[in-house]
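Let me begin by presenting the structure, written as structure tokens, before commenting on it.
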Amino acid sequence: MNVTKAKFLSNNALKILACIAMVIDHVGLLFFPYEMIFRKIGRLSFPIFAFLLAEGCKYTKNKPKHFLTLFGLTVICQAGYYLFAGDTYFCILVTLCLSQLCIFALQYFKKTSLSETAKLFKKLFSAFVFIFAIAFTAVFCRIFQVEYDFWGCMLPVFVSLFDFRNAFPPAPPTPSEEPNQPKTVSLLQKLDNPITQYFCFALGLILSVLFTKTPLPQPYALFSLIPIAFYSGKRGKLNLKYFFYLFYPLHLVLLEGVYVLLYYL
């Protein structure tokens, strides 16, 4: 069997699947609170979004813009929760913001620590930045109620552990007199592959299922490993980035509107 053909789900396809699972989850939460089948299906959503967040961090060229876009949407949604429901529970977007900060700190640490030209102080500083990001996330999740808790925040970080895309300098060109000279590949570069990242993600997901403090049926999140195994690594034909950014708040507004019409008017 051709492994390439087996990986047929694009980034867009996985996100659409996660959106469908999320809508089913929220429909169950609002309209069928005692029917757990809705919540069980909904457990597929977050792991897929977490995996694809790490993928986005891997390829993004403008990290500040990438983070500020997510952070701005997070502030708007969180403010809406507080104003209309008086709820101080931190939503899934806060979880993903913390994840993204940790991933960018990890990327900075790997790039600096593996650099042959970086000074010792800079390497130590990059290590401090990464440790501080993890510690800040842990303390934040302990003080505040954050969806999926600390291990949920760490789930995308597991995908990024062996991502060395930007950590190593580009290889020097092969000398013209030796055109067939093999390139030297380090062990770390060999570990930078989809299989390693998939198993790191699976480990992170298991830890998240075991240690996340929530009454939801978390073990069903493990089924998300099935569609993720078929991820092709490609975006898809359409650029739907901003559609997915807007989908989260818009579907909540729509469902809340339907709920108000049915039960309060």
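Computed from a prediction, not measured in an experiment: that's the story for all the values here.
The shortest side-chain heavy-atom distance between L29 and R39 falls under the 4.5 Å cut-off. At a threshold of 4.5 Å between non-hydrogen side-chain atoms, the residues C91 and Q78 count as touching. Taking the side chain as every heavy atom from C-beta outward, Q107 and C57 approach each other to under 4.5 Å. Side-chain contact between Y108 and K122: present, with at least one pair of heavy atoms (C-beta onward) separated by less than 4.5 Å. You'll find the side chain of R235 stays beyond 4.5 Å of the side chain of L240, heavy atoms only. Q197 places none of its side-chain heavy atoms less than 4.5 Å from the side chain of F201. By the 4.5 Å heavy-atom criterion applied to side chains, D25 and S45 are not counted as neighbours. Using a 4.5 Å heavy-atom cutoff, the side chains of F32 and I37 are not in contact.
T112 places no side-chain N or O within donor-acceptor distance of the main-chain N or O of F109, the cut-off being under 3.5 Å. Formation of a donor-acceptor pair under 3.5 Å by the T69 side chain with backbone atoms of K65 is found in this model. Side chain of S224 to backbone of P47: no donor-acceptor contact under 3.5 angstrom is found. No donor-acceptor distance shorter than 3.5 angstrom exists from the side chain of T60 to the backbone of G56, with no hydrogens or angles considered. A donor-acceptor pair under 3.5 Å is formed between the side chain of E147 and the backbone N or O of I92. At least one donor-acceptor pair under 3.5 Å links the side chain of T74 to the backbone N or O of L70.
Checked against the 6.0 Å centroid criterion, the rings of Y148 and F46 qualify as a close aromatic pair.
Relative ring orientation between F140 and F144 is described as tilted, the plane-to-plane angle lying within the 30° to 60° band. Between Y263 and Y259, the ring planes are tilted. Angles from 30° to 60° get that label. Taking the six-membered ring where the residue is Trp, F104 and H66 present perpendicular rings, their angle passing 60° and hence far from 30°. Ring geometry for F247 against F243 counts as tilted: the plane angle lies between 30° and 60°, on a 0 to 90° scale.
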Kindly determine whether F31 and V258 satisfy side chain to side chain contact (heavy atoms under 4.5 Å, CB included), including the steps that lead there.
CA-CA 10 Å; F31 303 103; V258 172; 3.9 Å; yes
Go through I16 and F244 one step at a time and tell me if the side chain to side chain contact (heavy atoms under 4.5 Å, CB included) criterion holds.
CA-CA 8 Å; I16 290 172; F244 291 121; 3.9 Å; yes
With side chain to side chain contact (heavy atoms under 4.5 Å, CB included) as the criterion, how do L30 and E256 come out once you've worked through the C-alpha distance, each side chain's angles and the decisive distance to 0.1 Å?
CA-CA 8 Å; L30 283 173; E256 288 286 351; 4.0 Å; yes
Let's go through S160 and D163 carefully: what are the C-alpha distance in whole Å and the side-chain angles of both, what is the deciding distance for side-chain hydrogen bond (donor to acceptor under 3.5 Å, both in side chains) to 0.1 Å, and is it a yes or a no?
CA-CA 5 Å; S160 304; D163 169 27; 5.2 Å; no
Would T137 and L101 satisfy side chain to side chain contact (heavy atoms under 4.5 Å, CB included), going step by step from the backbone distance to the final call?
CA-CA 9 Å; T137 301; L101 279 176; 6.0 Å; no
Take F51 and Y231, measure what ring pair (Phe, Tyr, Trp, His ring centres under 6.0 Å) needs, and give me the verdict at the end.
CA-CA 10 Å; F51 179 83; Y231 175 54; 5.6 Å; yes
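Taking each heavy atom of C97 and F67 in turn, the nearest pair found is O-CE1, 3.8 Å. Heavy atoms only, all atoms of each residue included: L17 and P227 are closest at CD2-CB, 3.7 Å. Across all non-hydrogen atoms, the minimal contact from H251 to Y248 is ND1-O, 2.7 Å. Taking every heavy atom of both residues into account, L73 and P249 meet most closely at CD1-CG, 3.8 Å. Closest approach of A133 and C102 over heavy atoms only: O-SG, 3.6 Å.
We find the OG-NZ distance between S10 and K237 to be 10.0 Å, quoted to the nearest 0.5 Å. The CZ atom of R43 sits 11.5 Å away from atom CE of M22, with the distance rounded to the nearest 0.5 Å. Here the NZ-CZ distance, from K7 to F230, works out to 8.0 Å after rounding to the nearest 0.5 Å. To the nearest 0.5 Å, atoms CG (N12) and NZ (K234) are separated by 13.0 Å. L44 contributes atom CG, which lies 11.0 Å from atom CG of L14 (distance to the nearest 0.5 angstrom). Remark: W151 CH2 to T95 OG1 distance equals 15.0 Å, nearest 0.5 Å.
More than 12 non-hydrogen atoms from other residues, nucleotides or ligands lie less than 6.0 angstrom from OH of Y89. By the 6.0 Å contact criterion, NZ on K111 is open, its count of non-hydrogen atoms from other residues, nucleotides or ligands being 12 or less. Sparse packing is recorded around CZ of F199, with 12 or fewer heavy atoms of other residues, nucleotides or ligands lying under 6.0 Å away. Other residues, nucleotides and ligands contribute only 12 or fewer heavy atoms inside 6.0 Å of the CD1 atom of I195.
Tracing side-chain contacts under 4.5 Å through hydrophobic residues (I, L, V, M, F, W, Y), one reaches F223 starting from F38; they form part of the same cluster. No chain of hydrophobic side-chain contacts below 4.5 Å, direct or via other Ile, Leu, Val, Met, Phe, Trp or Tyr residues, connects F71 to L93. By the rule that hydrophobic residues join a cluster once side-chain heavy atoms approach within less than 4.5 Å of another member, I20 and L252 end up as members of one cluster. L98 and L53 are assigned to two separate hydrophobic clusters, defined by single-linkage of ILVMFWY side chains at heavy-atom distances under 4.5 Å. Both L205 and L203 belong to a single network of hydrophobic side chains, linked directly or stepwise wherever heavy atoms of I, L, V, M, F, W or Y lie under 4.5 Å apart.
With F164 as the aromatic partner, K110 meets the cation-pi criteria of under 6.0 angstrom to the ring centre and within 45 degrees of the ring axis.
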